[in-house]
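Provided herewith is a single structure, encoded as structure tokens, for subsequent inquiry.
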Amino acid sequence: MDSDKPRNFIQHIIENDLAEGTVKQVVTRFPPEPNGYLHIGHAKSICLNFGLAEQYGGVCNLRFDDTNPETESEEFVNAIIADVRWLGFQWDGEVRYASDYFEQLHAWAVHLIQAGKAYVCELTPDQMREYRGTLTEPGRDSPFRERSAAENLALLEAMRAGEIEEGKMVLRARIDMASPNINLRDPVLYRVKRMAHHRSGARWNIYPSYDFAHGQEDAIEGVTHSICTLEFADHRPLYDWLLDNLPVPARPRQYEFGRLNLSYTVTSKRKLKQLVEEGHVDGWDDPRMPTLAGLRRRGVTPAAIRAFCDSLAVAKTDGVVDMGQFEHFIRQDLNDNAPRALCVLRPLKVTLGNWPAGKVETLHLANHPQRPELGSRELPFGATLYIDRDDFSTDAALSRKQFKRLVLGDWVRLRGAYVIRADDVVRDASGALSEVLASVVPDTLGADPPAGIKPRGVIHWVAAENAVDCAVRLYERLFSAPEPDAGDGDFRAGINPDSLVTLTGCKAEANLGRAAPEVTFQFEREGYFCRDSFCGDRDNGNRLVFNRTIALRDASPKPAGTKPPGTEG
RNA sequence: UGGGGCGUCGCCAAGCGGCCAAGGCAGCGGGUUUUGAUCCCGCCAUUCGGAGGUUCGAGUCCUCCCGCCCCAGCCA
């Protein structure tokens with residue numbers, strides 16, 4: 001977050017609070033519910049909250065809003081902690097949990113009852129819905145609204161003790177059943193859930209609602225700016241009402257900003273969960289998922305995610321950011337930092353007829369064209385090589401502009417090596433291309449060929465001596481629809497059937513056989529790839545597998561909707 | 001027909017009454033290049049959802065209208 005960048009409305013508020021002295025030190029918090037994995041939308045919130053704290057010399061807490069044991073679990077807690085760390089943020093002190101405040105929250109519920117501002121209601125869920133009224137009609141008071149404090153206290157105690165069945169009683173705030181804001185029509189504060197909680201165990205049979213917990217948690221932690229998404233704006237009056245009617249130790253303020261929506265994907269925990277549970281993807285960390293775990297396994301770096309999030313506006317508009325914008329930041333970071341490597345995805349054998357028999361020359365290739373400090377690596381070069389089938393054509397009519405690769409009878413430069421000429425082809429019994437017979441142009445290593453020889457372009461290669469077999473997973477966007485969420489249709493209808501294509505028998509330079517997971521390379525002329533990290537409990541037999549993070553931008557001329565021209569095989 | 005929020009270039013967005021309406025992404029044109037990558041240069045809103053009004057002057061203030069999003073979980 002650059003200080004010279006235009007400030008968003010929250011920064012304006014904070015700077016104002018600091019200037020007026022109403023806030024001494026900024027305290028924010030990132031409050032996930034441990035009922036799923038974090039996704040790119042959460043990253044925006046994480047970067048905002050931690051970023052603001054850092055920018056204004058404050059602190060940011062990591063607090064789990066674990067008020068609903070029904071859907072939450074320790075697995076999610078651990079995954080979320082790992083994700084926040086991976087992104088590179090450090091929260092203040094220990095990780096906090098709403099469940100650590102259950103005792104205090106309960107005491108405050110008692111306080112509200114004693115003040116005549118909360119009551120135990122025995123309306124059934126259906127009745128409660130009916131009493132609540134509609135968007136245009138006011139609700140009606142619950143028949144249990146006028147109970148005495150003593151009776152309410154006794155009932156709450158019974159609820160807590162596990163003597164009441166789920167759904168039979170709730171504790172409600174006593175506010176205004178005619179409020180135009182439905183959240184103020186005596187909202188539920190506590191509900192009976194006679195089940196164990198992943199942290200507090202079997203101690204409780206009642207659990208606070210989000211509304212009764214969030215503001216008070218913020219107050220307990222001294223949070224100054226409680227930042228949440230737009231849909232909670234309607235809850236702010238309730239957030240304020242509770243803090244105003246409870247003896248809380250601090251007075252936090254809630255501010256809402258527009259959540260991140262990305263095209264060609266979904267950022268809803270419910271839908272992501274559905275993709276996982278219905279098997280459309282291989283898990284929460286499937287590289288096609290917009291989860292942080294998925295992006296990590298895909299090879300996207302924390303730096304790219306943070307740069308992307310910092311580029312996003314914090315405002316009250318809810319739009320859809322183009323996936324292309326995210327991809328831009330992924331490429332930018334990877335282009336700057338990823339070491340280069342050569343890997344042939346669809347191998348085609350090339351034999352250099354005029355290469356001295358048995359000779360293997362050691363070549364040195366830079367690990368990065370713009371950053372010599374990243375060093376170089378050795379690559380053997382011999383008579384048998386592999387190039388990509390898509391980089392060869394027998395069609396001599398192809399113009400140099402259309403096809404800057406190898407054409408029968410023409411020259412091409414092998415990246416970091418020699419210029420070669422395709423002399424002839426070998427076909428198998430079925431007539432399919434099986435090998436290219438070529439000749440090397442002498443003295444073209446690091447030097448231009450003689451006048452008259454003009455290579456069409458530069459292609460990548462791997463020498464047979466140096467090749468290691470690997471599989472490559474080519475990932476595309478998970479959805480072919482720009483806005484899978486739009487309309488009334490099923491978002492799954494937009495799933496891209498070609499979001500994963502696995503190539504086997506690829507030929508990688510031997511150095512890649514030692515690649516560590518989560519280190520992303522640029523396979524020159526192809527894209528960015530990283531070795532699969534085998535996250536989760538899945539395993540692929542420890543084969544060498546690379547996940548494509550993202551393809552290189554491609555300005556090659558291709559007729560709309562078709563494969564590159566002139567390819568054969 | 002209740003309440004809350006939002007409408008500035010294809011997408012995101014700055015703008016807080018006064019030079020020709022920032023910037024990023026995408027796109028287009030050109031240059032460099034042993035990655036059709038990167039990099040570099042140039043182009044890309046006489047107009048701010050619409051209509052009135054206030055003002056010497058409005059995207060910025062007022063009025064009305066139109067459109068989109070959220071809220072009727074004992075989810076968060």
Side-chain angles (χ1 to χ4, degrees), chain A residues 5-8 12 31-33 35 65 67-68 70-72 121 123-125 128-130 132-139 166-172 179-185 187-193 206-207 209-211 213-214 228-237 256 258 260 263 269-270 311-313 315-329 331-332 335-336 340 342 365-366 368-370 401-405 413-417 419 444-448 455 457-460 482 522-527 551-558 564:
Chain A
K5 200 168 124 181
R7 271 132 219 301
N8 62 52
H12 280 125
E33 184 193 10
N35 67 344
D65 227 340
T67 58
N68 185 0
E70 210 164 320
T71 58
E72 300 158 3
C121 181
L123 251 25
T124 65
M128 206 182 287
R129 181 161 40 246
E130 187 194 326
R132 189 154 33 225
T134 69
L135 295 179
T136 52
E137 304 160 68
E166 287 184 25
K168 295 292 187 201
M169 284 183 195
V170 291
L171 180 71
R172 302 175 71 178
S179 172
N181 182 340
I182 291 181
N183 294 299
L184 259 24
R185 316 239 265 228
V188 170
L189 269 22
Y190 265 99
R191 69 285 215 200
V192 176
K193 279 182 189 289
I206 56 174
Y207 293 92
S209 64
Y210 163 84
D211 286 308
H214 210 91
C228 60
T229 44
L230 253 27
E231 67 269 27
F232 290 101
D234 285 339
H235 292 246
R236 184 165 11 98
E256 311 87 25
L260 167 67
S263 63
K269 261 197 251 180
R270 202 203 99 229
S311 83
L312 298 170
K316 284 178 172 289
T317 44
D318 50 343
V320 180
V321 175
D322 198 308
M323 179 62 89
Q325 189 158 332
F326 184 30
E327 293 173 341
H328 162 77
F329 284 97
R331 288 198 181 94
Q332 180 173 278
N335 176 59
D336 289 348
R340 313 283 122 129
L342 300 182
L365 270 75
H368 191 111
Q370 281 84 39
K401 178 93 174 163
Q402 283 177 102
F403 197 70
K404 300 164 76 166
R405 313 177 190 187
R413 164 132 244 153
L414 294 179
R415 174 67 164 164
V419 171
T444 50
L445 182 63
D448 287 335
V458 181
I459 64 172
H460 55 104
Q522 183 194 99
F523 288 180
E524 294 206 44
R525 299 210 318 126
E526 289 287 359
L552 247 29
R553 282 186 50 164
D554 183 7
S556 64
K558 43 170 135 9

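The figures that follow rest on heavy atoms only: side chains count, while hydrogens, waters and symmetry mates do not. Each chain gets a letter, A, B and so on, in the order its sequence line appears, and its residues count up from 1.
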- Describe the nucleic acid contact of A/His460 in one word from base, sugar-phosphate, nothing, applying a heavy-atom distance below 4.0 Å. nothing
Worksheet item: Do you see a donor-acceptor pair shorter than 3.5 Å between the side chains of A/Ser209 and A/Asp211?
Response: no
Out of B/rC74, B/rA72, B/rA37, minimum distance to the side chain of A/Val170 belongs to B/rC74
The answer to which of A/Leu230 and A/Gly416 contacts RNA chain B further toward the 5' end, by nearest nucleotide, is A/Leu230
Check your understanding: Is there a side-chain contact between A/His214 and A/Thr67 (heavy atoms, below 4.5 Å)?
Key -> no
Winner on side-chain proximity to A/Arg132, out of B/rC74, B/rC71, B/rG24, is B/rC74
A/His368 atom NE2 is separated from B/rC39 atom P, nearest whole Å, by 10 Å
query = Within the structure shown, what part of the strands sits under 4.0 Å from A/Glu327 by heavy-atom distance: base, sugar-phosphate, or nothing?
reply = nothing
Measure distances between side-chain N and O atoms of A/Asp234 and base N and O atoms of B/rG3, and say whether any donor-acceptor pair falls under 3.5 Å. yes
Exercise. Do A/Arg340 and B/rU35 share a donor-acceptor pair, side chain to base, under 3.5 Å?
Worked result: yes
With a 4.0 Å cut-off on heavy atoms, is A/Thr317 in touch with a base, just the backbone sugar-phosphate, or nothing at all? sugar-phosphate
With sequence neighbours left out, the residues meeting side-chain contact (heavy atoms from CB on, under 4.5 Å) with A/Leu445 are A/Glu361, A/Leu363, A/Tyr418
note: A/Arg331, atom CZ; B/rG36, atom C1'; distance rounded to Å ~ 14 Å
Give one of base, sugar-phosphate or nothing for A/Tyr207, where a contact means two heavy atoms less than 4.0 Å apart.
-> nothing
d(A/Thr124 OG1, A/Glu130 CD) to nearest 0.5 Å is 8.5 Å
Rounded to the nearest 0.5 Å, the CG atom of A/Leu365 sits from the CZ atom of A/Arg340 at a distance of 12.5 Å
Whole-Å distance, A/Asn335 CG to B/rU35 C1', equals 10 Å
5'-most contact on RNA chain B (nearest-nucleotide basis), A/Gln325 vs A/Thr71, goes to A/Gln325
Applying a 4.0 Å non-hydrogen cut-off, can you work out what A/Ala213 is touching in the nucleic acid: base, sugar-phosphate, or nothing?
nothing
Rounded to the nearest 0.5 Å, the CG atom of A/Leu184 sits from the NE2 atom of A/His235 at a distance of 10.5 Å
Determine the Euclidean distance between corresponding P atoms of B/rA14 and B/rC9; express it in Å to zero decimal places. 12 Å
Discussion item. Regarding B/rU35, can its base be found pairing with the side chain of A/Gln522 as donor and acceptor, where the two atoms are less than 3.5 Å apart?
Written reply: yes
message = Considering every strand and a 4.0 Å limit on heavy-atom distances, what is the contact class for A/Gly324: base, sugar-phosphate, or nothing?
response = sugar-phosphate
Rounded to whole Å, the NE2-P distance (A/His328 to B/rU38) equals 10 Å
For a quick check of understanding: with a heavy-atom distance under 4.0 Å over all strands, which category does A/Ser179 fall into, base, sugar-phosphate or nothing? nothing
Rounded to whole Å, the OH-C1' distance (A/Tyr190 to B/rG73) equals 18 Å
Heavy atoms under 4.0 Å, any strand shown: does A/Gly446 hit a base, just sugar-phosphate, or nothing? base
Ranking B/rG36, B/rC69, B/rG3 by distance to the side chain of A/Asp318, first place goes to B/rC69
The side-chain contact (heavy atoms from CB on, under 4.5 Å) partners of A/His328 (sequence neighbours excluded) come to A/Gln332
Picking from B/rU1, B/rU35, B/rC6, the nucleotide nearest the side-chain atoms of A/Lys316 would be B/rC6
For the P atoms, the ones on B/rC20 and on B/rU46, what distance do you get once it is rounded to whole angstrom?
16 Å
Rounded to whole angstrom, note down the C1' distance from B/rA58 over to B/rA21. 12 Å
Glycosidic torsion of B/rG73 (syn if within 90° of 0, anti otherwise) classifies it as syn
Query raised in the report: Which is true for A/Leu189 with a 4.0 Å heavy-atom rule: it touches a base, it touches only sugar-phosphate, or it touches nothing?
Result: nothing
Margin query: Using a 4.0 Å heavy-atom cut-off, does A/Val419 contact any base of the nucleic acid, only the sugar-phosphate backbone, or nothing at all?
Written below: nothing
To the nearest angstrom, the CD-P distance between A/Glu166 and B/rG73 comes to 18 Å
Residues passing the side chain to side chain donor-acceptor pair (under 3.5 Å) test with A/Asn181, sequence neighbours excluded, are A/Asn183
Next item on the list: Would you indicate what A/Gln370 reaches in the nucleic acid, counting non-hydrogen atoms under 4.0 angstrom: base, sugar-phosphate, or nothing?
Entry: base
- Scan A/Val188 against the nucleic acid and name what it touches under 4.0 Å (heavy atoms): base, sugar-phosphate only, or nothing. sugar-phosphate
Point to revise | Gap in Å between the two C1' atoms, one belonging to B/rG57 and one to B/rU1, rounded | key: 41 Å
Among the nucleotides B/rG4, B/rU38, B/rG73, whichever has the atom closest to the side chain of A/Arg553 is B/rU38
Problem set entry | Integer angstrom distance from the P of B/rA22 to that of B/rC64 | 32 Å
Checking B/rA76, B/rA14, B/rU35 against the side chain of A/Arg525 (C-beta onward), the nearest is B/rU35
Distance check, P atoms only: B/rG24 and B/rC6, in whole angstrom units. 27 Å
Which of B/rC70, B/rG73, B/rG2 is nearest the side chain of A/Arg129? It is B/rG73
Distance col, row A/Glu231:CD vs A/Asp318:CG, nearest 0.5 angstrom, shows 9.5 Å
Could you give the distance separating B/rG5 and B/rA45 at their C1' atoms, to the nearest angstrom?
26 Å
note: A/Glu524, atom CD; B/rU34, atom C1'; distance rounded to Å ~ 9 Å
Interatomic distance, CZ@A/Arg405 vs NE2@A/His460, rounded to 0.5 Å, equals 8.0 Å
Residues passing the side chain to side chain donor-acceptor pair (under 3.5 Å) test with A/Gln370, sequence neighbours excluded, are none
* Asked: Is any side-chain N or O of A/His235 under 3.5 Å from a base N or O of B/rC71, one able to act as donor and the other as acceptor?
  -> no
The correct list of stems in which RNA chain B takes part (3 or more consecutive Watson-Crick or G-U pairs, distances under 3.5 Å) is B:2-7 with B:66-71, B:10-12 with B:23-25, B:27-31 with B:39-43, B:49-53 with B:61-65
For A/Gly457, which contact category applies under a 4.0 Å heavy-atom criterion: base, sugar-phosphate, or nothing? nothing
Touch check for A/Lys193, heavy atoms < 4.0 angstrom, all strands: base, sugar-phosphate only, or nothing? sugar-phosphate
Regarding the side chain of A/Asn68, the nearest nucleotide among B/rC75, B/rG2, B/rU35 is B/rC75
Those residues at least two apart in sequence (or on a different chain) that pass side chain to side chain donor-acceptor pair (under 3.5 Å) with A/Lys316 are A/Glu256
Report task. May I ask you to verify if any side-chain N or O of A/Arg191 is less than 4.0 angstrom from the OP1 or OP2 atom of B/rC75? Result -> yes
Nearest-Å distance once atom C1' is located in both B/rC61 and B/rG67 = 23 Å
